[in-house]
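Quick notes on the structure that follows.
Everything quoted here is computed from the prediction, not taken from an experiment. Below, read A as the first sequence line, B as the second, and so on, with proteins coming before strands; counting in each chain starts at 1.
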Amino acid sequence: MLDMKRIREVPELVRQGVQNKNEKGDVDAVLVIDRRRRDIIAEVEQLKNTRNVVSQEIAQLKKEKKDADDKIAEMKVVSDSIKQLDEELRIVDVDLRDRVLALPNICHESVPVGRSSADNVELRSWVPPHTMRLNEEPEHVVLDHIELGKKHGILDFDRGAKLSGSGFPLYVGQGATLERALINFMLDTHLREHGYREVFPPFVVNTESMYGTGQLPKMSEDMYRCADDDLYLIPTAEVPITNMYRDEILEAEQVPSYFCGYSACFRREAGSYGKQTKGFLRVHQFNKVELVKFARPEQSYDELESLVGNVEHILQLLEIPYRVLLLCSGDTSFSSAKTYDLEVWSPAENTWLEASSCSNFEDFQARRANIRFRPEGAQSKPQFLHTLNGSGLATSRLMVAILENYQTPEGKIIVPKPLQPYTGFTMIG
RNA sequence: GGAGAGGUGGGUGAGUGGCUGAAACCAACGGUUUGCUAAACCGUCGUACUGGGAAACUGGUACCGAGAGUUCGAAUCUCUCCCUCUCCGCCA
């Protein structure tokens, strides 16, 4: 949620920002309603002041056993007016809030203005020395992850579909072990080398939490909902981890703090059938290790860079080719002010696959979720902090990259070195 | 699923419909004292919205789980809802 003061003070900047994101949002209507709201407040508070003062006088008169009927009659009228204005104010408040909530976050000045993914900027790419050259014709047949999974009996999409439907992968044998190894390796690396604190969150959350991080109301059709209990399956651990501090005020020394947590992620992916849906490329349930930072506003962009660095480190240790994109304004998500995407190389698809998205939300989520901190210690005035998060990383896309990049000419799969202590085997097949 | 208890500031916890934004205590912060620590003493110590002011600051309004009602006036009375905790049953 944007700061109403900011909208009021620099409306043209907000208008431009909304446009740059290819979002709709009526800034002018917001300004008009805001004006109306403050007029009502001025009027109703004046009346309430009168009521309070006269009520005191009535109390005084009664104490002195004098007659107060005139004043009481007078106040009856005032009270009715207050009731009317309060009702009007309530309606205006809701309307204003809905409209402000519909405005996207404004991109940081370093974000290139652009319409679509075509305008994203590739900042750098990294190719480990020992993997195959990306743009060369491979020397042997390259199997895709589905064929590899079937060949070794480690991924069973058919039985997954029998159990739950398409898009619910079933890992078997060494595939299941590799998946678990990947999760543990990523968690351990972030905890031990990057200073994150581990969280194991609930996988279902309530509506308030979904509003807090901005999944609701916009993305409701993309989430699994348990209607009987009014709970949602989380689409990412970002939701529970960021909401840990919803409606709280953190102490100065708690900011910045870094959290890292594994969760299964559930997405309905409604309306996306047909595009890149085979195998792991788009699934309804996947595993992800998520990084979340609560940062001081003046440091949040440095924190974003180090967050991306933490994710890159994982890919470098695993020796998986990747590239880093800076998303343009039009491709940056609703709540984010600046986002980097990390994409891993799929030799079978001959394309890059998004495996991580790292964003600085500035105070957009914090304002929604009401997460504040006291910057100068116990006596200082609370202010909104900045939230950041990034996938560190999603295993489904990573699994594709590992299987495909680490396949031998015979179609066997080498387990990446850092995962071997976790798997207990060095080769699949 | 059954039975019960309870939601008041950072915490504990008072609070006969008007003098209660809210006692007291603890924590925190500033200070005095002190060789250091401790103790003691003094002071400060909610948030949001809105108006004035360049600002320090200041006027007003609201907030005692949420919402509605009664009333000139509600933390206090009434109703509805939400949440938390405890015990029993069932179960991982």
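A:Glu57 has its CD atom 18 Å from the P atom of B:G18, to the nearest Å. A:Met75 has its CE atom 10 Å from the P atom of B:G73, to the nearest Å. If you take NZ of A:Lys5 and P of B:U50, they are 6 Å apart, rounded to a whole angstrom. In this structure, A:Arg36 atom CZ and B:U50 atom C1' are separated by 15 Å, rounded to whole Å. If you take CG of A:Leu231 and P of B:C83, they are 10 Å apart, rounded to a whole angstrom. Residue A:Asn370 contributes atom CG, which lies 14 Å from atom C1' of B:C49 at whole-angstrom precision. Straight-line distance from the CG atom of A:Asp230 to the P atom of B:C81: 17 Å, rounded to whole Å. Rounded to an integer number of Å, the gap from A:Ile249 CD1 to B:G46 C1' is 8 Å.
The aromatic rings of A:Tyr262 and A:Phe203 lie perpendicular to each other, with more than 60° between the two planes, well past the 30° mark. The aromatic rings of A:Tyr245 and A:Phe294 lie perpendicular to each other, with more than 60° between the two planes, well past the 30° mark.
Rounded to a whole angstrom, the distance from the P atom of B:U76 to that of B:A66 is 11 Å. Rounded to whole Å, the C1' atom of B:U12 lies 29 Å from the corresponding atom of B:G67. On the C1' atoms, B:C82 is 8 Å away from B:G65, given to the nearest whole Å. If you take atom C1' in B:C57 and the same atom in B:C81, they sit 42 Å apart, rounded to whole Å. Comparing the C1' positions of B:A14 and B:U8 gives an interatomic distance of 10 Å, to the nearest angstrom. For B:C25 and B:A56, the C1' atoms lie 33 Å apart once the distance is rounded to whole Å. Between B:G4 and B:A92, the distance separating the two P atoms is 28 Å to the nearest Å. Between B:C19 and B:A75, the distance separating the two P atoms is 10 Å to the nearest Å.
Using a 3.5 Å distance cut-off with no hydrogens or angles, the side chains of A:Glu248 and A:Gln254 do not pair a donor with an acceptor. With 3.5 Å as the limit, one finds no donor-acceptor pair spanning the side chains of A:Asn105 and A:Ser335. A side-chain donor-acceptor contact under 3.5 Å links A:Tyr422 and A:Asp188.
Put simply, A:Ser79 has a side-chain N or O that comes within less than 4.0 Å of OP1 or OP2 on B:G73. Contact annotation: A:Arg38 does not reach the phosphate of B:C49 (side-chain N/O to OP1 or OP2, under 4.0 Å). Residue A:Lys76 places at least one side-chain N or O under 4.0 Å from the OP1 or OP2 atom of B:C72. The phosphate of B:C49 has neither OP1 nor OP2 within less than 4.0 Å of any side-chain N or O from A:Arg37.
In this structure B:A54 sits in no base pair that meets the Watson-Crick or G-U test at under 3.5 Å. Figure legend. B:U80 is base-paired to B:A66; pairs are counted as Watson-Crick or G-U wobble with both atom distances under 3.5 Å. The pairing partner recorded for B:A14 is none, the criterion being a Watson-Crick or G-U wobble arrangement whose two distances lie under 3.5 angstrom. In this structure B:C85 sits in a base pair with B:G4, meeting the Watson-Crick or G-U test at under 3.5 Å. B:G43 and B:C29 make up a base pair, with Watson-Crick or G-U wobble contacts both under 3.5 Å. Checking B:A48 for Watson-Crick or G-U wobble geometry (two distances, each under 3.5 Å) identifies B:U61 as its partner. Searching all strands for a Watson-Crick or G-U wobble partner of B:C36 with both distances below 3.5 Å returns nothing. The partner of B:C19, taking Watson-Crick or G-U wobble pairs whose two distances both stay under 3.5 Å, does not exist in any strand shown.
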**Report entry** Heavy-atom protein contacts under 4.0 Å, nucleotides 56-69 of chain B, coded B base, S sugar-phosphate only, - none
**Finding:** ----BBS-------

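At least one side-chain heavy atom of A:Met399 sits under 4.5 Å from a side-chain heavy atom of A:Glu179. At least one side-chain heavy atom of A:Asn370 sits less than 4.5 Å from a side-chain heavy atom of A:Phe384.
The backbone N or O of A:Ile91 sits nowhere less than 3.5 Å from a side-chain atom of A:Asp95 that would complete a donor-acceptor pair.
Nucleic acid contact for A:Arg8: sugar-phosphate only, since backbone atoms but no base atoms lie under 4.0 Å from a heavy atom of the residue.
With RNA chain B read from its 5' end, the first of the two nearest nucleotides for A:Pro382 and A:Gln56 is the one closest to A:Gln56.
Ring centers of A:Tyr301 and A:His108: under 6.0 Å apart, within the cut-off. If you look at A:Phe280 and A:Phe157, their ring centroids are closer than 6.0 Å.
Picking from B:A48, B:G18, B:U47 the nucleotide with the shortest atom distance to the side chain of A:Arg374 gives B:U47.
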